[in-house]
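Single-structure report; data block below.
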Amino acid sequence: MIRETIKKYPVHLRKLEALSRRLNPNHINFQKVVDNFGRQKSGYQGERVLDYHLSYLPEKEYVILHGLRFFDGIGFFQIDVLILSKYYFLILEVKNIKGTLLFDPEFNQLIRIEQEKEEAFPDPLLQVDRQKRLLKNFLSAHINITDIPIYTLVVISNPSTIIKATTAKKQILQRVIHSAKLHLKIEELNKLYVKEILSASEIQKVGKQLVKKNQTLDSDLLQYYEIKRTDILKGVQCPECLNIPMCRFHSNWVCPKCNNKSRMAHIPALVDYSLFFGTCITNRQARNFLQVSSNNVVRYLLSSLDLPTTGKNKSKTYNLAYLLSK
């Protein structure tokens, strides 16, 4: 049974998190990186909250796919969650936003009100309508499915969020729900759509085809934010206070700011390197990034990780892909 396409922390989000920790605070795009990471992490956490409610759906009746991203011939479109059943497909756009959410259908915008401050967001109802249209075309062009009903919902994952609407309240009530109501909403849809379009084995097949065609986002963030290699802070980061760099002293990493000691703090640093610059690293490159002058110390650190290698002596290269997969 296919339950989802992405279980692990997405690579794009891992890159953004690492960048928010290691980008020089004086960089012109530093705040933009931090803000984008906060927003995308919040969305990811919202989807994880939704997993609890989705886990109650019978596995034999549904295929649940997370984090889909498809190329439609012109550009990419993304779907937070897609639920496949024999009777209909359901698109979920998940929002993890605190405060009071005011849906304004006249101006097609979502207004968040928190601590007497108003902030406008793109209308998620327009987002799911677009996703529905593009998914219909994609299914027809790539999987030869044309007659399956597609329903859309905007799901608010934060239970304390207040949902309001300026107008068209009944329509919005049908299309915007808290995550706790998802199970009841699916029961409503099961009563509304009673004609079996696909068999249980066919929705499994469709799920596998969609997973195969999914294109995970893995962009070059340094290029996107116009960041030079020299803008990235080098050194081992303290796991306690996040200070960079730690110092190497008697087989330990020691933080000069909080005095925390760690024997393995170089591993997250090497993961950060692989996210920015690729999974291959030489002793010289590792010395430069970890800020360690000793060739022997770095050789020991890399060798102890039992990484695949190519080449010999100064040209020896270590493959950090294993660290990324953990």
Side-chain angles (χ1 to χ4, degrees), residues 6-27 29-30 33-34 37 40-41 44 216-225 227-326:
I6 299 175
K7 279 284 190 183
K8 295 182 179 180
Y9 204 46
V11 172
H12 178 76
L13 198 52
R14 292 182 73 178
K15 286 185 175 182
L16 200 53
E17 179 181 22
L19 192 58
S20 70
R21 291 186 283 101
R22 286 193 176 268
L23 180 60
N24 189 321
N26 295 322
H27 192 276
N29 283 326
F30 174 77
V33 168
V34 172
F37 169 62
Q40 292 187 35
K41 183 179 181 181
Y44 174 79
T216 304
L217 178 62
D218 185 14
S219 57
D220 185 344
L221 294 187
L222 300 190
Q223 181 179 5
Y224 179 79
Y225 290 106
I227 295 169
K228 300 176 183 178
R229 293 176 73 103
T230 53
D231 294 322
I232 300 297
L233 300 179
K234 300 175 184 177
V236 173
Q237 186 169 40
C238 175
E240 291 295 324
C241 71
L242 303 184
N243 175 66
I244 298 175
M246 299 182 82
C247 302
R248 186 73 180 173
F249 186 71
H250 286 207
S251 301
N252 277 300
W253 297 101
V254 182
C255 178
K257 185 175 181 180
C258 71
N259 293 320
N260 176 60
K261 293 182 180 180
S262 171
R263 295 183 64 88
M264 308 302 290
H266 57 283
I267 296 179
L270 292 171
V271 171
D272 287 350
Y273 179 95
S274 67
L275 291 170
F276 298 136
F277 308 123
T279 56
C280 293
I281 192 170
T282 63
N283 185 297
R284 181 178 180 181
Q285 291 168 330
R287 294 201 310 271
N288 178 263
F289 191 73
L290 298 178
Q291 295 290 277
V292 175
S293 59
S294 172
N295 176 67
N296 291 334
V297 168
V298 170
R299 183 188 300 113
Y300 167 76
L301 292 175
L302 292 172
S303 298
S304 65
L305 296 175
D306 197 26
L307 302 170
T309 62
T310 56
K312 294 181 179 180
N313 302 322
K314 290 184 179 181
S315 63
K316 190 173 185 178
T317 300
Y318 300 81
N319 191 329
L320 302 174
Y322 169 74
L323 300 181
L324 271 175
S325 66
K326 296 187 70 175

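Every heavy atom of this structure was used, including side-chain atoms; hydrogens, water molecules and symmetry mates were not.
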Worked verdict on Leu320 versus Val271 for side chain to side chain contact (heavy atoms under 4.5 Å, CB included): CA-CA 7 Å; Leu320 302 174; Val271 171; over 6 Å; no
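- The two atoms that bring Lys261 and Val254 nearest to each other are CG-CG2, 4.1 Å, heavy atoms only.
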Evaluate Asn319 against Thr310 for side chain to side chain contact (heavy atoms under 4.5 Å, CB included), listing each step before the verdict. CA-CA 8 Å; Asn319 191 329; Thr310 56; over 6 Å; no
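- Residues Asp220 and Tyr224 have side chains not in contact (no heavy-atom distance under 4.5 Å, counting atoms from C-beta outward).
- The two atoms that bring Ala286 and Leu302 nearest to each other are CB-CD1, 4.0 Å, heavy atoms only.
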Applying side chain to side chain contact (heavy atoms under 4.5 Å, CB included) to Tyr225 and Leu16, what does each step give before you reach the verdict? CA-CA 11 Å; Tyr225 290 106; Leu16 200 53; 3.7 Å; yes
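- His12 contributes atom NE2, which lies 12.0 Å from atom OG1 of Thr216 (distance to the nearest 0.5 angstrom).
- Once rounded to the nearest 0.5 Å, the distance linking CZ of Arg229 with CG of Leu222 reads 8.5 Å.
- Residues Ile227 and Leu221 form no side-chain contact, since every pair of their non-hydrogen atoms from C-beta on lies 4.5 Å or further apart.
- A distance of 12.0 Å separates CD in Gln285 from OH in Tyr318, rounded to the nearest 0.5 Å.
- Annotation: side chain of Leu307 is in contact with side chain of Leu323 (closest heavy-atom distance under 4.5 Å).
- Taken from CZ in Arg14 to CG in Leu275, the straight-line distance is 6.0 Å, to the nearest 0.5 Å.
- Residues Lys41 and Leu13 share a closest heavy-atom pair of N-CD1, 3.9 Å.
- Between Arg248 and Leu290, every side-chain heavy-atom pair lies at or beyond the 4.5 Å cut-off.
- Side-chain atoms of Asn283 and Arg287 form a donor-acceptor pair, as typed in the model, at a separation below 3.5 Å.
- Looking at Val33 and Ser20, their side chains come closer than 4.5 Å, going by heavy atoms from C-beta outward.
- Inter-residue side-chain proximity for Pro268 and Pro239 is flagged as unmet; no heavy-atom pair is nearer than 4.5 Å.
- Between the side chain of Ser303 and the backbone N or O of Tyr300, no donor-acceptor pair lies under 3.5 Å.
- A distance of 6.5 Å separates SG of Cys258 from CE of Met246, quoted to the nearest 0.5 Å.
- Judged purely by atom type and a 3.5 angstrom limit, Lys15 uses its side chain to pair as donor or acceptor with the backbone of Ser219.
- When side chains are defined from C-beta on, Leu270 does not count as touching Leu301, because their heavy atoms never get closer than 4.5 Å.
- Pro245 approaches Gly235 most closely through the heavy-atom pair CB-CA, 3.8 Å.
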Assess whether side chain to side chain contact (heavy atoms under 4.5 Å, CB included) is satisfied between Asp306 and Tyr322, documenting all intermediate values. CA-CA 9 Å; Asp306 197 26; Tyr322 169 74; over 6 Å; no
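- Side-chain atoms of Gln237 come within 3.5 Å of backbone N or O of Leu242 as a donor-acceptor pair.
- Within the cation-pi definition used here (under 6.0 Å to the ring centroid, within 45° of the axis), Arg263 does not qualify as a partner of Trp253.
- Expressed to the nearest 0.5 Å, how far CG of Asn260 lies from CG of Asn252 amounts to 9.5 Å.
- You'll find the side chain of Phe277 reaches within 4.5 Å of the side chain of Ile232, heavy atoms only.
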